[in-house]
Amino acid sequence: MRLSQFHLATVKETPADAEIVSHQLMLRAGMLRKLAAGIYTWTPLGLRILRKVEAVVREEMERSGAIEMLMPSIQPRELWEETGRWKKFGGQLLKLQDRKKQFFCYGPTHEEVITDFARNELKSYRQLPVNFFQIQTKFRDEIRPRFGVMRAREFLMKDAYSFHLDQECLAREYRNMFATYTRIFTRLGLRFRAVKADTGAIGGQASYEFHVLADSGEDAIVFASESDYAANIEMAQAKPSNALRESPTEPLYKQPTPTQKTCEAIAELLNLPLCKTVKSIALMSGSEFILALLRGDHTLNEIKLARRLNLTEYRMANEEDIDHYLGTTPGFIGPLSPHRPIRVVADLEVANMANFVVGANQTGFHYSGVNWGRDLPEPEQIADIRNVVAGDLAPDGGGYLSIIRGIEVGHIFQLGSQYAESMHAVVTDDQGHARTPLMGCYGIGISRIVAAAIEQNHDAAGIIWPTSMAPWSVAICPINTQHGTKVQDAAESLYQDLQNRNIEVVLDNRGLRPGPMFSDMELIGIPQRIVVSERGLKQGLYEYRARHRPDNEYLDYTTLLERIQT
RNA sequence: CGGGGCGUAGCGCAGCCUGGUAGCGCACCACAAUGGGGUUGUGGGGGUCGCGAGUUCGAUUCUCGCCGCCCCGACCA
């Protein structure tokens, strides 16, 4: 590519609303232009990179045996009503109407469409197993789109759906996809980690998320120091300490705490460690009042809570509820002597505490020296409902847990039969009986990967592309071309030569001064740069520099060609 | 959806409080000089001041409504 024939659109100033570095650099490098909230145009440069990611994903999916197809982005309401998701998917589903007032949605995912396809196409067990994939634009009407293409409303995704007669076969494909994803992210040059995850709205049993590791990641991921245990914070468990509960030694005492409403303030007032306090979280599920108890230094994991208590819907209690059930005001609530009967759920750790502090259900007071069995009944329900913290014991005994940030770029699920069942997809088995196939589903956020890669690979000058994603692998920069044609000719012939060798090369023939030219090439992250200059040519030398290194190498033509990596 | 903020040239911003038809930097165009890290000079083009109503002799400026965008929170494959 000659840059004079390309639309390079770098800008000096960072638009004010770009918060994270990948968004800023994608804008400055001119890969992206915003059209509306969470909706972006990919420029020619951006598209080259997006296509690179796509190509790697496509190649590896095909190598794994999956078959590419393309489903529509617009989907009819009827399909979504068959699975109940027209309502259940919620506000993220963008609904549309055509001229006949028929309802459609812009596909946020394609389980319905593929299952419809499968029930029409797949008749016999002989056609199974099969794994269909597509690379398609999706739309999810995110509550708060942010960080550019990292959390956009419109985005490019690879999604794959597999069909199987039995669980064992599904599990085999699931492992196959795990291996495929590992190859994909490795080839893309990303530092990543696979973690156990919640299955969320898509449903199903087993699920792994693939996270690119980056401090700016929106997800917290947990891993063990001495084993390969890794899980999303939503799923991560800690091994409860097997120490026996201490025996009650302190008397129950009502402490005046006139203004202390938080565990932190109580701990400070009473000069106690935070872990001797218990925080009470008041919830309403339907007409039931639930008090969830957590150690003062822990936080509630709402996903675990909903799961363990089998709650489909709940909300935080408001002041009225608290007054009604506990007869007090927020900040002083606790499980002792509620005004009316309530349901108490204690976290595993709380159930094992002794001589602790809780709210007294009386404004301005907390109890200290509280003990289970003596001052209040043993908790009626004990469950793991907290977020793990760094330093907790790993659940498999593999040392201690650490928490790092990650960007979710892939997710694999064993969906099971729910979609096939609700949409009546069946195949005939070798006995001639109709069987409901089991499904797996496997997603990769193509556009998100581009942003994630930048989060991991950049410096003060700009992006540093992993070779597999770079828009070009080499940039040729002719310098001071105004004194005759020597430099230009040499650059041109080098350009031709590299092209003949199938190296993706860009020639910066825009006639810029060296400063702007270099900084553009650095900003857009071309991994290798060759400077052609009069002064170098006199000695028969070219100046070679790798993007991730600060120093130049002066090489003759033969060595230069050897030095260049494809 | 709740709270906060912002909409003035392609981008970044000033002007608004105290009404009198708009300015700066970058970018863009032309010419000239310069030529190894965003060079310099001269000249130039570009804005119904988000939209609508109201107040006023007069509204970018004051008031109300709407729309869009951003941040925090809730939420989320």
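Naming: A, B, ... by sequence-line order, numbering from 1 per chain.
A/R510 comes within 4.0 angstrom of no nucleic acid atom, judged by non-hydrogen atoms across all strands. In this structure, A/M517 reaches neither bases nor backbone, as no heavy-atom distance under 4.0 Å exists between it and the strands shown. A/S533 comes within 4.0 angstrom of a nucleotide base, judged by non-hydrogen atoms across all strands. Across all strands shown, A/R448 has heavy atoms under 4.0 Å from base atoms, whether or not it also approaches the sugar-phosphate. Within the 4.0 angstrom heavy-atom criterion, base atoms lie near A/G511. At a threshold of 4.0 angstrom between heavy atoms, the contacts of A/P514 are confined to the sugar-phosphate backbone, with no base atom among them. A/E522 comes within contact range of at least one nucleobase, with a heavy-atom separation under 4.0 Å. In this structure, A/E19 reaches the sugar-phosphate backbone alone: every heavy-atom distance under 4.0 Å involves primed, P, OP1 or OP2 atoms, never a base. Among the atoms of the strands shown, only primed sugar atoms or phosphate atoms (P, OP1, OP2) are found under 4.0 Å from some heavy atom of A/E302. Counting any heavy atom pair closer than 4.0 Å across all strands shown, A/Q482 reaches a base atom.
Nucleotide B/rG25 forms a pair with B/rC11, judged by Watson-Crick or G-U wobble geometry with both contacts under 3.5 Å. The base-pairing partner of B/rU48, taking Watson-Crick or G-U wobble contacts with both distances under 3.5 Å, does not exist among the strands shown. Remark: B/rA30 base-pairs with B/rU42; criterion is Watson-Crick or G-U wobble with both hydrogen-bond distances under 3.5 Å. B/rG20 and B/rC57 make up a base pair, with Watson-Crick or G-U wobble contacts both under 3.5 Å. Nucleotide B/rG2 has B/rC72 as its partner under the Watson-Crick or G-U criteria, with both atom distances under 3.5 Å.
A donor-acceptor pair shorter than 3.5 Å can be found between the side chains of A/D159 and A/Y161. For the residue pair A/E534 and A/H483, no side-chain donor N or O sits within less than 3.5 Å of a side-chain acceptor on the partner. Between A/S22 and A/E455, the side chains place a donor N or O and an acceptor N or O closer than 3.5 Å (distance only, hydrogens not considered). A donor and an acceptor atom, one from each side chain of A/N131 and A/E173, are located under 3.5 Å apart. A donor-acceptor contact under 3.5 angstrom links the side chains of A/S417 and A/E421, judged on distance only.
Distance A/R513 CZ to B/rG38 P: 8 Å, rounded to the nearest Å. As a whole-Å value, the separation of A/H7 NE2 from B/rG10 P is 15 Å. Taking atom CG on A/L27 and atom P on B/rG12, their separation rounds to 9 Å, with Å as the unit. We find that CG of A/D141 is positioned 11 Å from P of B/rC1, with the value rounded to whole Å. B/rC11 atom P lies 10 Å from atom CZ of A/R33, rounded to whole Å. Going from atom CZ of A/F139 over to atom C1' of B/rC76 covers 15 Å, rounded to whole Å. Rounded to an integer number of Å, the gap from A/K12 NZ to B/rC28 P is 8 Å. Rounded to whole Å, the distance from CD on A/E142 to C1' on B/rC69 is 17 Å.
Candidate nucleotides B/rC71, B/rC76, B/rG38 were compared by shortest atom distance to the side chain of A/R146, and B/rC71 ranks first. Counting only heavy atoms from C-beta on, A/F518 has its side chain closest to B/rG37 among B/rC70, B/rG38, B/rG37. Each of B/rC69, B/rA77, B/rC76 was ranked by its minimum atom distance to the side chain of A/K34; first place goes to B/rC69. Among the nucleotides B/rA77, B/rG36, B/rC1, the one closest to any side-chain atom of A/I143 is B/rC1.
Here, B/rG65 and B/rC29 have their P atoms 45 Å apart, quoted to the whole Å. A gap of 45 Å separates the P atoms of B/rC17 and B/rC76, to the nearest Å. Nucleotides B/rC28 and B/rC70, compared at atom C1', are 28 Å apart to the nearest Å. B/rG10 and B/rU48 have their P atoms separated by 9 Å, with the value rounded to a whole Å. Comparing B/rG20 with B/rU61, their P atoms sit 10 Å apart, to the nearest whole Å. With C1' as the reference atom, B/rC16 and B/rA30 are 36 Å apart, rounded to whole Å. Rounded to whole Å, the separation between the P atoms of B/rC62 and B/rG5 comes to 15 Å. Nucleotides B/rU42 and B/rU18 have their C1' atoms positioned 39 Å apart, rounded to a whole Å.
Residue side chain A/E13 does not reach the base of B/rG10 through any donor-acceptor N/O pair under 3.5 Å, judged by distance alone. Side-chain N/O atoms of A/R529 and base N/O atoms of B/rG37 include a donor-acceptor pair closer than 3.5 Å. One cannot find a donor-acceptor pair under 3.5 Å joining the base of B/rC76 and the side-chain atoms of A/R144. In terms of polar N and O atoms assigned as donor or acceptor, the side chain of A/S519 comes within less than 3.5 Å of the base of B/rG38 in a complementary pairing.
The aromatic rings of A/Y174 and A/Y208 lie tilted to each other, with the angle between the two planes from 30° to 60°.
In terms of position along RNA chain B, the nucleotide closest to A/N480 lies nearer the 5' end than the nucleotide closest to the other residue of the pair A/D520 and A/N480. Nucleotides of RNA chain B nearest to A/M157 and A/I479 differ in position, and the one nearer the 5' end is that of A/I479.
Residues A/R28 and A/E13 have side chains not in contact (no heavy-atom distance under 4.5 Å, counting atoms from C-beta outward).
Salt bridge present: A/E60 and A/R183 bring a charged side-chain N and a carboxylate O closer than 4.0 Å.
If you look at A/F185 and A/F210, their ring centroids are closer than 6.0 Å.
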